[in-house]
**Q** 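I have a structure here, written as structure tokens, and I will follow up with some questions on it.
Below, read A as the first sequence line, B as the second, and so on, with proteins coming before strands; counting in each chain starts at 1. Note that this is a predicted model, so its numbers are computed, not measured. Note that these values count all heavy atoms, side chains included, but never hydrogens, waters or copies made by symmetry.
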2 protein chains.
Amino acid sequence: MGTEERDEVEYDVFSRYCPSRSTLEHVTGRWGTLTLGALETGPLRFNALLRRVDGVSQKMLAQTLLALERDGFVDRENLSTAGLHVEYRLTRLGRDTAAQLLLLTGLLESRMPEVLAAQLRYDEARTGP
Amino acid sequence: MGTEERDEVEYDVFSRYCPSRSTLEHVTGRWGTLTLGALETGPLRFNALLRRVDGVSQKMLAQTLLALERDGFVDRENLSTAGLHVEYRLTRLGRDTAAQLLLLTGLLESRMPEVLAAQLRYDEARTGP
DNA sequence: CAGCATCCTTATCGATACTG
DNA sequence: CAGTATCGATAAGGATGCTG
């Protein structure tokens, strides 16, 4: 064992034209993180996502889902019997990514008191010195 | 037992007006992730960051750093002796956050083959059925 | 229900020039 | 060096109406 060749670092998000850069932007973009996070607890329909991701518009949600589906994070499943019924579910890759994202959002939520304190300090240092 | 009150989920990124939402956007925004990631290995000067975060403009970098400093992720240190010398370094909060972000970018980089394969499948299913 | 098409407004961005 | 200021182009975003 140990003879299989290791993957070299082929991709680098810090490089402008690396394909991983645009994928990073889809995932961490304004609605990407929240959409993936919302799907982490299970498949959801379009309108359910629309409600869950507070503030997103139909247009942006559709656009976000399209990019995430194309990148292989989300599967779109058409369950039409009568009327339209479409479900979005995470792929394996999507689940792994969403798990990471939820760790991040959880971290941020839990540290918001620090953030708010920093903002206060920052603003005060500049308005009433 | 169980009588101490648990921290309720006070902050929720899924809620439109929760302050954590804008902080999430600063951190995961187009340049936030890369800027924090770049600083994870140690303090850097403005122009060094400009080079490291490939593709960012002066304007966007300045804006990003300002938001991250205000939110308490980055400290700006003025080391002027002769000429200007400013260093940016992560705070404790910034380090914790950057660590999470690097796990995410690392995950994405390592799974890019999956992503590219998915993109190919997606595009082919729509151009030549 | 799950979208796409359209229009229109706003925000983002990049390039350039300038400053202490 | 480390930015700020300004401008014009482009993209993101919201609102509305329409369709299978």
**Q** Nearest whole Å is fine: how far is D:dC1 C1' from B:L84 CG?
**A** 5 Å
**Q** Taking only residues two or more places apart in sequence, or in another chain, which ones meet A:S15 in a side-chain hydrogen bond (donor to acceptor under 3.5 Å, both in side chains)?
**A**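 Testing A:S15 for side-chain hydrogen bond (donor to acceptor under 3.5 Å, both in side chains), a comparison that skips the adjacent residues, returns A:D12.
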**Q** Taking any atom under 4.0 angstrom from a heavy atom of chain B, which nucleotides of DNA chain C are the first and last to qualify, 5' to 3'?
**A** C:dC13 to C:dG20
**Q** Passes salt bridge (Lys or Arg N to Asp or Glu O under 4.0 Å), A:R95 versus A:E40? Steps please.
**A** CA-CA 6 Å; A:R95 280 199 302 280; A:E40 208 264 351; over 6 Å; no
**Q** Nearest nucleotide by nearest heavy atom, which residue falls closer to the 5' end of DNA chain C, A:R76 or A:R16?
**A**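 It is A:R76 whose nearest nucleotide is closer to the 5' end.
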**Q** B:D71 side chain to B:F73 main-chain N or O, any donor-acceptor pair under 3.5 Å?
**A**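 Pair absent, no side-chain N/O of B:D71 close to backbone of B:F73.
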**Q** Using whole Å, report how far CG of B:L44 lies from P of D:dG3.
**A**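 Distance, rounded to whole Å: 13 Å.
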**Q** Answer whether the closest heavy-atom distance between the side chains of B:L39 and B:L44 falls below 4.5 Å.
**A**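 With C-beta onward as the side chain, the pair touches.
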**Q** Output yes when B:E114 and B:R111 qualify as a salt bridge under the 4.0 Å nitrogen-oxygen rule, no when they do not.
**A** yes
**Q** I'd like to know if A:E87 and A:R89 make a salt bridge, using a cut-off of under 4.0 Å between side-chain N and carboxylate O.
**A** yes
**Q** Please check this pair: side chain of B:T33 against backbone of A:T28, looking for a donor-acceptor N/O pair closer than 3.5 Å.
**A** no
**Q** Should B:Y88 be listed as having a side-chain N or O under 4.0 Å from OP1 or OP2 of D:dG3?
**A**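 For B:Y88, the contact criterion (side-chain N or O under 4.0 Å from OP1 or OP2 of D:dG3) is met.
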**Q** Expressed as a whole number of angstroms, how long is the span from A:D54:CG to D:dG14:C1'?
**A**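 That distance rounds to 15 Å.
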**Q** Taking the six-membered ring of A:Y122 as reference, does the NZ or CZ atom of A:R126 fall below 6.0 Å from its centre and within a 45° cone about the axis?
**A**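 Ring-cation test returns yes.
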**Q** Is the backbone N or O of B:D54 less than 3.5 Å from a side-chain atom of A:R16, with the two atoms forming a donor-acceptor pair by type?
**A** no
**Q** Could you work out, with salt bridge (Lys or Arg N to Asp or Glu O under 4.0 Å) as the rule, every residue matching B:R92, not counting sequence neighbours?
**A** B:D96
**Q** So for the helix from C:dC1-D:dG20 to C:dG20-D:dC1, with five pairs setting each end axis, what is the inter-axis angle to 10°?
**A**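 So the angle between the two local helix axes works out to 50°.
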**Q** Does one hydrophobic cluster hold both A:V115 and B:F14, with members joined at side-chain heavy-atom distances below 4.5 Å?
**A**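 Yes.
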**Q** Please tell me if the side chains of A:L61 and A:W31 come closer than 4.5 Å, counting only heavy atoms from C-beta onward.
**A**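 Result no, sub-4.5 Å side-chain heavy-atom pair not found.
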**Q** For B:R45 and D:dA2, is the shortest distance between a side-chain N/O and OP1 or OP2 below 4.0 Å?
**A** yes
**Q** Specify the residues of residues 26-42 of chain B, ordered by number, for which at least one heavy atom lies under 4.0 angstrom from an atom of DNA chain D.
**A**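 Output list: empty, so none.
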**Q** Counting only heavy atoms and a strict 4.0 angstrom limit, can you tell me which residues of residues 56-69 of chain B come near DNA chain D?
**A** B:Q58, B:K59, B:A62
**Q** With the side chain counted from C-beta on, respond yes when A:Q119 and B:T23 share a heavy-atom pair under 4.5 Å apart, and no when they do not.
**A** yes
